[in-house]
Amino acid sequence: MALQPQQALSTAFQRFSQLTPGRKLGVAVGLAAAIALIVGLVLWSRAPEYRVLFSNLSERDGGAVIATLQQMNVPYRTEAGGAILVPADQVYDLRFRLAGQGLPRGGAVGFELMDAAKLGMTQFQEQVAYQRGLEGELARTIQSLAPVESARVHLAIPKPSVFVRDQQKPTASVLVNLYAGRSLDPAQVSAIVHLVSSSVPNLTPNGVTVVDQSGNLLTGRAEAAGLQGLNASQLDYLRQVEDYYARRIEAIVTPIVGQGNVRAEVRADLDFSHNEFTSETYKPNPTPEAQAIRSQQTVEDSSTGGGQAAGVPGAFSNQPPGPASAPLTAPPGANAGAAGGAAGAGPVSSRRESTVNYELDKTIRHVKEPLGRLKRLSVAVVINYRTQAGEGGQAEARPLSPQELNQVNGLVREAMGYNQERGDTVNVVNVAFTEAKAEEVALPLWKDPETVSMAKELVKNLLIFGLAFYLVFGVLRPLLRDLMRPPEAVGPSGAPLATGEEAAAAETYAPTPQPQPFEEKLRQAKEFAKQNPKLTADIIKQWMAQP
């Protein structure tokens, strides 16, 4: 017959009160330990998973972040190395919220120094605060680069001078701490140099020095690479040109031979030299009929007769002529009249000048060749055998026919812009591919992140359930069952009285008891009556109630 809850609880307290002090203490400790273990397992199962919010923080930034988390009532943990951990479901939300407050500051103080300006600051203090703020802002900007973990900038800005001969240029030093396994290429170093030089007045790129955490001078290496012509942008452009021609060739040949049956490689020879020249040429003089007249000038001058006044107007010009003089001896056959007539006729003069200027045939050429001019292309194309159904329906690999190969060759030449004068070469080969197709290897089940996470959660829950099951059914249930068991009838000797089948079985299989003396039985009855007076009274009442 099952006991009622109130009766079971009363029985448990009664049984517990009958235990010895040692057993009472053991039962109490066992119950407390079981309850504490169950509560601990429940809390552990409900405890949030912590992840890293920020790592490698300076003491200043770490303190500011912790103070902000305390104001937000967000639980956190700290680990060695300046790492702060928060619940996994709040990591990204807290990062955004802290970034809105400017945390972490990265160990560098920027222009917020100017916000805390004190009354009575001297000009020197203001200049120092401005320089510190500028250094901090430059360090934060450099830290935004992917390979840079942290950075420090030192500026040496001389005092301005009114004398030109005493003016000095500012200089800058940059120390970058790179992530493990990362490095800065020459182009990135040059970008840092120009970034710093553009942020400080009168600072030239030659006055900026960049050093990494190992003490390697990065600016000298970048300048040496530039002198050797190793420009990363030029190499990238070369790769882009080669990939462009390779994609064009594969795109035009793939529809003919099928997807994955063509491979094209292109080698481009580019000229990155800066060429600029000017030429001026003159052709030989052509015939006048074929030339263009630039200008023409004609001068005609003639004078006849001697009776007219000539010379400069004035007194001497208006005087009559002097007496004529005849030669002392006349030539033979000449008469005086003829001589006199000739002398009276005067001088006769005539002048004619003609100047023609023709245009010069001159050619002036100013040529500036483009940077990265294509000098030569070398193309290699490999085409796989065509798979066809052979005898018995089995697939067989067969080469392309000469006509098809010529067609492919012509398409390749057209796609690449073949130029024989430029020295381009094309080589198309039709062979059977021996490479096996790479099979996608499925990620093992034990390496799948989702499976691992589910397995961890399952093991965790099973462990909690197993421990709770053991505590309930292995510890608490037997203990409570013993405490809640109803009291058994006890005989005169103190042993429980068996009833029903148990009594019959005991009478059947129990050995024949040995007769005890009367004095011993009386002593046991008295002892039992002293220890259990209430039970003794109940037994006597039952005896008296029997007929």
Side-chain angles (χ1 to χ4, degrees), residues 54-65 67-68 82 98-179 182-223 226:
F54 296 111
S55 61
N56 298 325
L57 292 179
S58 61
E59 295 180 356
R60 182 189 300 272
D61 287 344
V65 171
T68 306
L98 293 175
Q101 301 181 16
L103 295 175
R105 298 185 176 88
V109 182
F111 281 136
E112 59 268 14
L113 284 174
M114 309 302 296
D115 299 336
K118 299 180 180 179
L119 184 65
M121 290 181 62
T122 63
Q123 184 178 2
F124 174 76
Q125 292 176 340
E126 291 180 355
Q127 182 65 26
V128 170
Y130 171 76
Q131 182 171 340
R132 287 183 58 195
L134 183 58
E135 291 175 351
E137 294 294 335
L138 289 173
R140 292 177 182 176
T141 305
I142 296 173
Q143 288 176 8
S144 61
L145 298 177
V148 180
E149 181 179 2
S150 60
R152 295 197 64 182
V153 179
H154 302 279
L155 299 177
I157 303 178
K159 294 182 179 179
S161 176
V162 296
F163 300 100
V164 178
R165 68 182 64 181
D166 295 337
Q167 290 182 356
Q168 298 179 0
K169 298 290 185 181
T171 57
S173 302
V174 181
L175 175 64
V176 292
N177 185 16
L178 306 178
Y179 286 103
R182 306 294 295 273
S183 62
L184 292 174
D185 55 26
Q188 291 175 323
V189 176
S190 179
I192 293 176
V193 170
H194 285 80
L195 173 67
V196 176
S197 63
S198 301
S199 303
V200 181
N202 300 325
L203 177 59
T204 60
N206 295 331
V208 181
T209 303
V210 182
V211 184
D212 63 2
Q213 72 273 21
S214 301
N216 299 321
L217 183 62
L218 303 181
T219 49
R221 185 173 58 187
E223 294 174 358

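- Here His154 contributes atom NE2 and Leu175 contributes atom CG; the two are 6.5 Å apart, rounded to the nearest 0.5 Å.
- Considering CD1 of Ile157 and CG of Leu203, their distance stands at 8.5 Å, rounded to 0.5 Å.
- Checked by atom type and distance alone, the side chain of Ser197 pairs as donor or acceptor with a backbone atom of His194 at under 3.5 Å.
- A heavy-atom distance below 4.5 Å is not found between the side chains of Leu218 and Ile192.
- Nearest heavy atoms, Leu178 versus Ser183: CD1-CA, 3.9 Å.
- Atom CD1 of Ile142 and atom CZ of Arg152 lie 12.5 Å apart (nearest 0.5 Å).
- Nearest heavy atom pair, residue Pro170 against residue Pro158, reads CA-CD, 3.7 Å.
- Looking only at side-chain heavy atoms (C-beta outward), Leu98 and Phe54 come within less than 4.5 Å of each other.
- Taking every heavy atom of both residues into account, Pro201 and Ser199 meet most closely at CD-O, 4.1 Å.
- Here the OG atom belonging to Ser190 is positioned 10.0 Å from the CG atom belonging to Asp185, to the nearest 0.5 angstrom.
- Of the listed residues (Val193, Leu155, Val210, Thr209), just one forms a side-chain contact (heavy atoms from CB on, under 4.5 Å) with Val174, and that residue is Val210.
- Within 6.0 Å of CD in Gln168 there are 12 or fewer heavy atoms belonging to other residues, nucleotides or ligands.
- Residue Lys169 comes nearest to Asn202 through the heavy atom pair CD-O, 3.6 Å, listed as atom of the first residue, atom of the second, then distance.
- Comment: Arg132 does not engage Glu135 in a salt bridge, judged by the lack of any side-chain N to carboxylate O separation of less than 4.0 angstrom.
- Distance check: Leu134 CG to Glu137 CD gives 8.0 Å after rounding to the nearest 0.5 Å.
- Proximity of a side-chain donor or acceptor of Thr68 to a complementary backbone N or O of Ala64 within less than 3.5 Å is detected.
- The shortest side-chain heavy-atom distance between Val211 and Asn216 does not fall under the 4.5 Å cut-off.
- Of all the heavy atoms in Arg182 and Ala146, the pair that sits closest is NH2-CB, 3.9 Å.
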